[in-house]
Asks: 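This is the structure I have questions about; it appears just below.
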Amino acid sequence: MDLIHQRDRLRKEMNHARAGGDVVGLVPTMGALHEGHASLIRKAASECDTVAVSVFVNPLQFGPLEDLASYPRCLDADLAVAARAGASLVFAPTIENLWPAGLPVTVVAVGAVTSTLEGGSRPGHFDGVATVVATLLGLAGTCRAYFGEKDFQQLVVVRRLVEDLGLAAEVAACPTVREIDGLALSSRNAFLSASERRAAPVLSQALAAARNAYASGERAGEVIGRIMALVIEAETSAHLDYAEVVDPVSLVPVDRVVSEARLMVAARVGAVRLIDNMAVGSS
Ligand code: AMP
(Lines give C-alpha, C1' and ligand atoms only; values in the text may rest on other atoms or scores of the structure.)
Protein backbone atom coordinates (compact mmCIF):
# COMPACT_ATOMS: atom_id res chain seq x y z
CA MET A 1 0.00 0.00 0.00
CA ASP A 2 1.33 3.42 -0.96
CA LEU A 3 1.30 6.52 1.22
CA ILE A 4 1.06 9.77 -0.72
CA HIS A 5 0.78 13.39 0.38
CA GLN A 6 0.65 15.57 -2.75
CA ARG A 7 -2.68 16.22 -4.41
CA ASP A 8 -1.25 15.86 -7.90
CA ARG A 9 -0.06 12.38 -6.96
CA LEU A 10 -3.62 11.41 -6.02
CA ARG A 11 -4.92 12.67 -9.36
CA LYS A 12 -2.13 10.85 -11.21
CA GLU A 13 -2.58 7.56 -9.36
CA MET A 14 -6.35 7.57 -9.97
CA ASN A 15 -5.92 8.46 -13.65
CA HIS A 16 -3.31 5.75 -14.04
CA ALA A 17 -5.53 3.14 -12.37
CA ARG A 18 -8.51 4.04 -14.58
CA ALA A 19 -6.33 4.00 -17.70
CA GLY A 20 -5.43 0.41 -16.80
CA GLY A 21 -9.13 -0.46 -16.62
CA ASP A 22 -9.52 -0.31 -12.84
CA VAL A 23 -12.71 0.70 -11.09
CA VAL A 24 -11.54 3.31 -8.60
CA GLY A 25 -12.88 3.80 -5.07
CA LEU A 26 -12.41 6.70 -2.66
CA VAL A 27 -13.00 6.55 1.10
CA PRO A 28 -12.74 10.04 2.63
CA THR A 29 -11.91 10.05 6.37
CA MET A 30 -10.46 12.26 9.06
CA GLY A 31 -8.28 9.42 10.35
CA ALA A 32 -8.27 7.79 13.80
CA LEU A 33 -9.57 4.85 11.83
CA HIS A 34 -11.74 2.30 13.60
CA GLU A 35 -13.85 -0.67 12.56
CA GLY A 36 -16.50 1.67 11.08
CA HIS A 37 -13.96 3.15 8.67
CA ALA A 38 -12.54 -0.33 8.03
CA SER A 39 -15.99 -1.54 6.97
CA LEU A 40 -16.12 1.23 4.33
CA ILE A 41 -12.66 0.34 3.07
CA ARG A 42 -13.50 -3.37 2.92
CA LYS A 43 -16.69 -2.63 0.97
CA ALA A 44 -14.73 -0.40 -1.40
CA ALA A 45 -12.07 -3.10 -1.83
CA SER A 46 -14.76 -5.66 -2.62
CA GLU A 47 -16.25 -3.45 -5.36
CA CYS A 48 -13.23 -1.59 -6.74
CA ASP A 49 -9.80 -2.51 -8.10
CA THR A 50 -7.99 0.49 -6.67
CA VAL A 51 -9.05 2.03 -3.36
CA ALA A 52 -7.75 5.35 -2.09
CA VAL A 53 -8.37 6.27 1.55
CA SER A 54 -7.93 9.93 2.37
CA VAL A 55 -6.87 10.88 5.89
CA PHE A 56 -7.31 14.59 6.46
CA VAL A 57 -8.58 16.45 9.49
CA ASN A 58 -10.49 19.11 7.61
CA PRO A 59 -10.17 22.45 9.40
CA LEU A 60 -13.06 23.92 7.35
CA GLN A 61 -15.67 21.76 9.06
CA PHE A 62 -14.78 22.65 12.66
CA GLY A 63 -16.34 25.64 14.41
CA PRO A 64 -14.12 28.01 16.42
CA LEU A 65 -15.14 26.35 19.71
CA GLU A 66 -14.89 22.78 18.42
CA ASP A 67 -12.22 20.11 18.86
CA LEU A 68 -9.97 20.67 15.81
CA ALA A 69 -6.77 20.94 17.88
CA SER A 70 -7.53 17.89 20.00
CA TYR A 71 -8.99 15.72 17.21
CA PRO A 72 -7.06 12.42 17.36
CA ARG A 73 -4.22 12.06 14.84
CA CYS A 74 -2.43 8.71 14.49
CA LEU A 75 -1.29 8.15 10.92
CA ASP A 76 0.83 5.05 11.62
CA ALA A 77 -2.08 3.20 13.19
CA ASP A 78 -4.35 4.44 10.36
CA LEU A 79 -1.98 3.01 7.75
CA ALA A 80 -2.16 -0.39 9.43
CA VAL A 81 -5.99 -0.34 9.52
CA ALA A 82 -6.23 0.83 5.90
CA ALA A 83 -3.76 -1.80 4.66
CA ARG A 84 -5.52 -4.60 6.54
CA ALA A 85 -8.90 -3.54 5.16
CA GLY A 86 -7.61 -3.63 1.56
CA ALA A 87 -6.70 -0.04 0.64
CA SER A 88 -4.34 0.42 -2.29
CA LEU A 89 -3.14 3.82 -1.14
CA VAL A 90 -3.58 6.35 1.62
CA PHE A 91 -3.67 10.03 0.70
CA ALA A 92 -2.65 12.01 3.79
CA PRO A 93 -2.13 15.62 2.74
CA THR A 94 -1.23 18.57 4.92
CA ILE A 95 -3.49 21.60 4.52
CA GLU A 96 -0.89 23.05 2.13
CA ASN A 97 -0.70 19.81 0.15
CA LEU A 98 -4.46 19.77 -0.35
CA TRP A 99 -4.86 23.48 -1.03
CA PRO A 100 -1.52 24.82 -2.31
CA ALA A 101 -3.03 28.26 -2.95
CA GLY A 102 -4.11 28.53 0.70
CA LEU A 103 -7.39 27.71 2.39
CA PRO A 104 -10.12 27.70 -0.27
CA VAL A 105 -11.95 30.93 -0.96
CA THR A 106 -14.41 28.85 -2.93
CA VAL A 107 -17.17 27.70 -0.60
CA VAL A 108 -19.50 24.89 -1.57
CA ALA A 109 -22.83 25.49 0.18
CA VAL A 110 -25.45 22.80 -0.32
CA GLY A 111 -28.52 24.72 0.87
CA ALA A 112 -31.64 23.52 2.65
CA VAL A 113 -30.41 20.07 3.72
CA THR A 114 -27.56 21.74 5.65
CA SER A 115 -29.62 24.22 7.65
CA THR A 116 -31.16 21.89 10.27
CA LEU A 117 -30.02 19.13 12.66
CA GLU A 118 -26.18 19.13 12.63
CA GLY A 119 -26.22 22.22 10.43
CA GLY A 120 -28.43 24.02 12.94
CA SER A 121 -26.10 23.20 15.83
CA ARG A 122 -22.85 23.60 13.91
CA PRO A 123 -23.12 26.65 11.63
CA GLY A 124 -20.81 26.39 8.62
CA HIS A 125 -20.00 22.73 9.31
CA PHE A 126 -21.51 21.40 6.09
CA ASP A 127 -19.97 24.14 3.96
CA GLY A 128 -16.65 22.80 5.22
CA VAL A 129 -17.64 19.20 4.56
CA ALA A 130 -18.98 19.96 1.07
CA THR A 131 -15.91 22.00 0.16
CA VAL A 132 -13.44 19.28 1.15
CA VAL A 133 -15.52 16.52 -0.44
CA ALA A 134 -15.77 18.53 -3.68
CA THR A 135 -11.98 18.99 -3.58
CA LEU A 136 -11.33 15.28 -3.03
CA LEU A 137 -13.84 14.16 -5.67
CA GLY A 138 -12.36 16.66 -8.11
CA LEU A 139 -8.91 15.18 -7.58
CA ALA A 140 -10.07 11.56 -7.66
CA GLY A 141 -12.15 11.90 -10.83
CA THR A 142 -14.58 9.17 -11.86
CA CYS A 143 -14.94 6.89 -8.86
CA ARG A 144 -17.19 5.20 -6.36
CA ALA A 145 -17.12 7.23 -3.14
CA TYR A 146 -17.94 5.53 0.16
CA PHE A 147 -19.68 7.25 3.07
CA GLY A 148 -21.11 5.92 6.33
CA GLU A 149 -24.75 6.16 7.35
CA LYS A 150 -23.37 7.02 10.80
CA ASP A 151 -23.18 10.61 9.52
CA PHE A 152 -26.53 10.43 7.77
CA GLN A 153 -26.95 14.13 7.14
CA GLN A 154 -23.45 14.25 5.66
CA LEU A 155 -24.43 11.41 3.32
CA VAL A 156 -27.54 13.35 2.22
CA VAL A 157 -25.43 16.48 1.69
CA VAL A 158 -22.82 14.62 -0.36
CA ARG A 159 -25.48 12.92 -2.51
CA ARG A 160 -27.05 16.31 -3.26
CA LEU A 161 -23.65 17.91 -3.92
CA VAL A 162 -22.74 15.19 -6.42
CA GLU A 163 -26.16 15.42 -8.07
CA ASP A 164 -26.26 19.22 -8.28
CA LEU A 165 -22.73 19.64 -9.63
CA GLY A 166 -22.80 16.56 -11.85
CA LEU A 167 -19.65 15.21 -10.23
CA ALA A 168 -18.31 11.95 -11.62
CA ALA A 169 -18.78 10.00 -8.41
CA GLU A 170 -21.18 7.24 -7.53
CA VAL A 171 -21.99 7.63 -3.83
CA ALA A 172 -22.15 4.37 -1.88
CA ALA A 173 -23.73 4.31 1.59
CA CYS A 174 -22.46 1.88 4.24
CA PRO A 175 -24.33 0.79 7.39
CA THR A 176 -23.31 2.04 10.84
CA VAL A 177 -20.92 -0.20 12.75
CA ARG A 178 -21.74 -0.37 16.48
CA GLU A 179 -20.23 -1.58 19.72
CA ILE A 180 -21.91 -4.59 21.27
CA ASP A 181 -24.00 -2.27 23.52
CA GLY A 182 -25.27 -0.29 20.54
CA LEU A 183 -22.94 2.74 20.70
CA ALA A 184 -22.05 3.79 17.16
CA LEU A 185 -18.29 3.67 16.63
CA SER A 186 -16.79 7.15 16.45
CA SER A 187 -13.31 8.59 16.76
CA ARG A 188 -14.73 10.85 19.47
CA ASN A 189 -15.73 7.90 21.71
CA ALA A 190 -12.09 7.82 22.88
CA PHE A 191 -12.78 11.09 24.74
CA LEU A 192 -15.52 9.54 26.90
CA SER A 193 -14.67 8.85 30.55
CA ALA A 194 -15.57 5.40 31.90
CA SER A 195 -18.89 6.64 33.33
CA GLU A 196 -19.69 8.64 30.17
CA ARG A 197 -18.94 5.54 28.11
CA ARG A 198 -21.51 3.66 30.17
CA ALA A 199 -24.06 6.41 29.49
CA ALA A 200 -23.30 6.84 25.77
CA PRO A 201 -25.47 3.95 24.45
CA VAL A 202 -28.48 6.06 25.48
CA LEU A 203 -28.56 7.47 21.94
CA SER A 204 -29.01 4.07 20.32
CA GLN A 205 -31.43 3.12 23.11
CA ALA A 206 -33.53 6.15 22.20
CA LEU A 207 -33.55 5.06 18.56
CA ALA A 208 -34.53 1.53 19.59
CA ALA A 209 -37.38 2.89 21.74
CA ALA A 210 -38.62 4.88 18.75
CA ARG A 211 -38.50 1.84 16.55
CA ASN A 212 -40.47 -0.13 19.14
CA ALA A 213 -43.08 2.61 19.26
CA TYR A 214 -43.31 2.48 15.47
CA ALA A 215 -43.63 -1.31 15.59
CA SER A 216 -46.48 -0.88 18.09
CA GLY A 217 -48.33 1.34 15.63
CA GLU A 218 -47.19 4.86 16.54
CA ARG A 219 -46.88 6.97 13.40
CA ALA A 220 -46.81 10.59 14.60
CA GLY A 221 -43.36 12.08 14.00
CA GLU A 222 -43.66 14.41 16.95
CA VAL A 223 -44.64 11.64 19.35
CA ILE A 224 -41.81 9.39 18.16
CA GLY A 225 -39.41 12.33 18.51
CA ARG A 226 -40.62 12.93 22.07
CA ILE A 227 -40.11 9.26 22.95
CA MET A 228 -36.46 9.57 21.85
CA ALA A 229 -36.00 12.82 23.75
CA LEU A 230 -37.42 11.31 26.96
CA VAL A 231 -35.02 8.36 26.83
CA ILE A 232 -32.02 10.67 26.39
CA GLU A 233 -33.19 13.17 29.00
CA ALA A 234 -33.56 10.35 31.54
CA GLU A 235 -29.78 9.88 31.42
CA THR A 236 -28.37 12.54 33.74
CA SER A 237 -24.98 12.86 32.05
CA ALA A 238 -26.56 13.30 28.60
CA HIS A 239 -27.69 16.69 27.29
CA LEU A 240 -30.09 16.45 24.39
CA ASP A 241 -29.43 18.56 21.31
CA TYR A 242 -32.15 17.20 19.02
CA ALA A 243 -34.35 14.15 18.50
CA GLU A 244 -36.28 14.27 15.24
CA VAL A 245 -38.03 12.13 12.68
CA VAL A 246 -37.23 13.37 9.19
CA ASP A 247 -37.66 12.58 5.53
CA PRO A 248 -34.52 10.68 4.43
CA VAL A 249 -33.95 12.88 1.35
CA SER A 250 -35.13 16.39 2.30
CA LEU A 251 -34.43 16.00 6.05
CA VAL A 252 -37.67 17.88 6.70
CA PRO A 253 -39.51 16.65 9.85
CA VAL A 254 -42.36 14.30 8.99
CA ASP A 255 -45.84 14.65 10.52
CA ARG A 256 -46.60 10.98 10.04
CA VAL A 257 -44.31 8.11 9.14
CA VAL A 258 -46.03 6.72 6.06
CA SER A 259 -43.03 5.33 4.20
CA GLU A 260 -39.36 5.33 5.20
CA ALA A 261 -38.23 8.06 7.60
CA ARG A 262 -35.01 8.65 9.50
CA LEU A 263 -34.71 8.91 13.26
CA MET A 264 -32.01 11.47 14.07
CA VAL A 265 -30.53 12.19 17.51
CA ALA A 266 -27.66 14.26 18.88
CA ALA A 267 -26.61 14.73 22.49
CA ARG A 268 -23.64 15.78 24.52
CA VAL A 269 -22.39 13.15 26.94
CA GLY A 270 -20.01 15.00 29.25
CA ALA A 271 -18.06 17.18 26.85
CA VAL A 272 -18.40 14.79 23.91
CA ARG A 273 -21.03 15.48 21.27
CA LEU A 274 -22.46 12.26 19.86
CA ILE A 275 -24.87 11.66 16.97
CA ASP A 276 -26.77 8.61 15.83
CA ASN A 277 -29.61 7.70 13.48
CA MET A 278 -31.66 4.79 12.21
CA ALA A 279 -34.20 4.09 9.52
CA VAL A 280 -37.81 3.52 10.46
CA GLY A 281 -40.69 2.38 8.32
CA SER A 282 -38.49 0.70 5.73
CA SER A 283 -39.42 -2.76 4.53
P1 AMP B 1 -14.82 10.56 9.80
O2 AMP B 1 -13.41 10.08 9.85
O3 AMP B 1 -15.49 10.61 11.13
O4 AMP B 1 -14.98 11.81 8.97
O5 AMP B 1 -15.61 9.44 9.01
C6 AMP B 1 -15.22 9.03 7.72
C7 AMP B 1 -16.28 8.15 7.14
O8 AMP B 1 -16.47 7.01 7.96
C9 AMP B 1 -17.64 8.86 7.05
O10 AMP B 1 -18.26 8.52 5.81
C11 AMP B 1 -18.38 8.31 8.22
O12 AMP B 1 -19.78 8.30 8.06
C13 AMP B 1 -17.84 6.89 8.27
N14 AMP B 1 -18.02 6.32 9.61
C15 AMP B 1 -17.63 6.85 10.79
N16 AMP B 1 -18.04 6.08 11.82
C17 AMP B 1 -18.71 5.05 11.27
C18 AMP B 1 -19.40 3.91 11.80
N19 AMP B 1 -19.47 3.68 13.12
N20 AMP B 1 -19.98 3.04 10.95
C21 AMP B 1 -19.92 3.26 9.60
N22 AMP B 1 -19.28 4.31 9.04
C23 AMP B 1 -18.70 5.18 9.86
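Here the structure is a predicted model, which is why all the values come from computation and not from measurement. In each ligand, atom 1 is the first atom listed, and ligand 1 is the first ligand listed.
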Asks: Between CG of Leu203 and CD1 of Ile275, what distance do you get to the nearest 0.5 Å?
Replies: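 Nearest 0.5 Å value for the CG-CD1 distance: 9.5 Å.
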Asks: Is there a heavy atom of His34 sitting under 4.0 angstrom from any atom of ligand 1?
Replies: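 Per 4.0 Å heavy-atom rule, His34 contacts ligand 1.
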Asks: Can you tell me if Gln154 has a non-hydrogen atom under 4.0 Å from ligand 1?
Replies: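 Per 4.0 Å heavy-atom rule, Gln154 contacts ligand 1.
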Asks: Could you tell me the residue and atom name of the protein heavy atom closest to atom 22 (N) of ligand 1, and the distance to it rounded to 0.1 Å?
Replies: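 Nearest protein contact, heavy atoms only, for atom 22 (N) of ligand 1 is Leu40 CD1, 3.5 Å.
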Asks: Check whether any side-chain N or O of Asn15 sits under 3.5 Å from a backbone N or O of Lys12 as a donor-acceptor pair, and report yes or no.
Replies: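 No: the side chain of Asn15 does not pair with the backbone of Lys12.
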Asks: To the nearest 0.5 Å, what is the distance between CD1 on Ile4 and CG on Leu89?
Replies: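 Nearest 0.5 Å value for the CD1-CG distance: 5.0 Å.
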Asks: Return the closest protein heavy atom for atom 4 (O) of ligand 1 as residue, atom name and distance.
Replies: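 Checked against all protein heavy atoms, atom 4 (O) of ligand 1 sits closest to Met30 CG, 3.6 Å.
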Asks: Would you list the pairs meeting side-chain hydrogen bond (donor to acceptor under 3.5 Å, both in side chains) in which at least one residue belongs to residues 222-248, sequence neighbours left out?
Replies: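 Listed once each, the pairs are Glu118-Tyr242, Ser121-Asp241, Glu235-Ser237, Asp241-Arg273, Asp247-Ser250.
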Asks: Indicate yes or no: does Glu196 engage Arg268 in a salt bridge with an N to O separation below 4.0 Å.
Replies: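 Salt bridge between Glu196 and Arg268, a charged N being under 4.0 Å from a carboxylate O: no.
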Asks: At less than 4.0 angstrom from any non-hydrogen atom of Phe147, what atoms of ligand 1 do you find?
Replies: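 Listed by number with element, the hits are 10 (O).
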Asks: For ligand 1, which atoms, with element, lie under 4.0 Å from some heavy atom of Gly148?
Replies: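 Result: 9 (C), 10 (O), 11 (C), 12 (O), 13 (C), 22 (N).
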Asks: Select the closest option to atom 2 (O) of ligand 1 among Arg178, Glu35, His37, judged by heavy-atom distance.
Replies: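 Going through Arg178, Glu35, His37 one by one, His37 has the nearest heavy atom to atom 2 (O) of ligand 1.
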Asks: Decide whether the shortest distance between a heavy atom of Pro28 and an atom of ligand 1 is less than 4.0 Å.
Replies: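 Yes, Pro28 has heavy atoms under 4.0 Å from ligand 1.
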Asks: Where is the nearest protein heavy atom to atom 11 (C) of ligand 1: which residue, which atom, and how far?
Replies: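 Minimum-distance protein heavy atom for atom 11 (C) of ligand 1 reads Asp151 OD2, 3.0 Å.
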Asks: Taking only heavy atoms of Pro175, which atoms of ligand 1 are found under 4.0 Å from at least one of them?
Replies: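 Going through ligand 1 atom by atom, the ones under 4.0 Å from Pro175 are 20 (N), 21 (C).
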Asks: If the condition is side chain to side chain donor-acceptor pair (under 3.5 Å), which residues does Glu179 pass it with, not counting sequence neighbours?
Replies: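 Listed in chain order: nothing, the list is empty.
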Asks: Under a 3.5 Å cutoff, is there a donor and acceptor pairing between the side chains of Arg73 and Tyr71?
Replies: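 Per modelled atom types, Arg73 and Tyr71 side chains form no pair under 3.5 Å.
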Asks: State which residue, out of Lys150, Arg262, Arg178, fulfils the salt bridge (charged side-chain N to carboxylate O under 4.0 Å, His left out) condition with Asp276.
Replies: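 Answer to the salt bridge (charged side-chain N to carboxylate O under 4.0 Å, His left out) test with Asp276 among Lys150, Arg262, Arg178: Arg178.
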Asks: Using a strict 4.0 Å cut-off to heavy atoms of Thr176, name the atoms of ligand 1 that fall inside it.
Replies: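 Atoms satisfying the 4.0 Å criterion: 20 (N), 21 (C).
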Asks: Identify the protein heavy atom lying closest to atom 20 (N) of ligand 1, giving its residue, its atom name and the separation to 0.1 Å.
Replies: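 Looking only at protein heavy atoms, the one closest to atom 20 (N) of ligand 1 is Val177 N, 2.8 Å.
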Asks: Which atoms of ligand 1 are found less than 4.0 Å from any heavy atom of Leu185?
Replies: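 Checking each atom against Leu185, I get 16 (N), 17 (C), 18 (C), 19 (N).
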Asks: Look at atom 23 (C) of ligand 1 and say which protein heavy atom is nearest, naming residue and atom and giving the distance to 0.1 Å.
Replies: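 Scanning the protein heavy atoms, the shortest distance from atom 23 (C) of ligand 1 goes to Lys150 CB, 3.8 Å.
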Asks: With rounding to the nearest 0.5 Å, note down the distance linking CD in Glu35 to CG in Leu40.
Replies: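 Here the interatomic distance stands at 10.5 Å.
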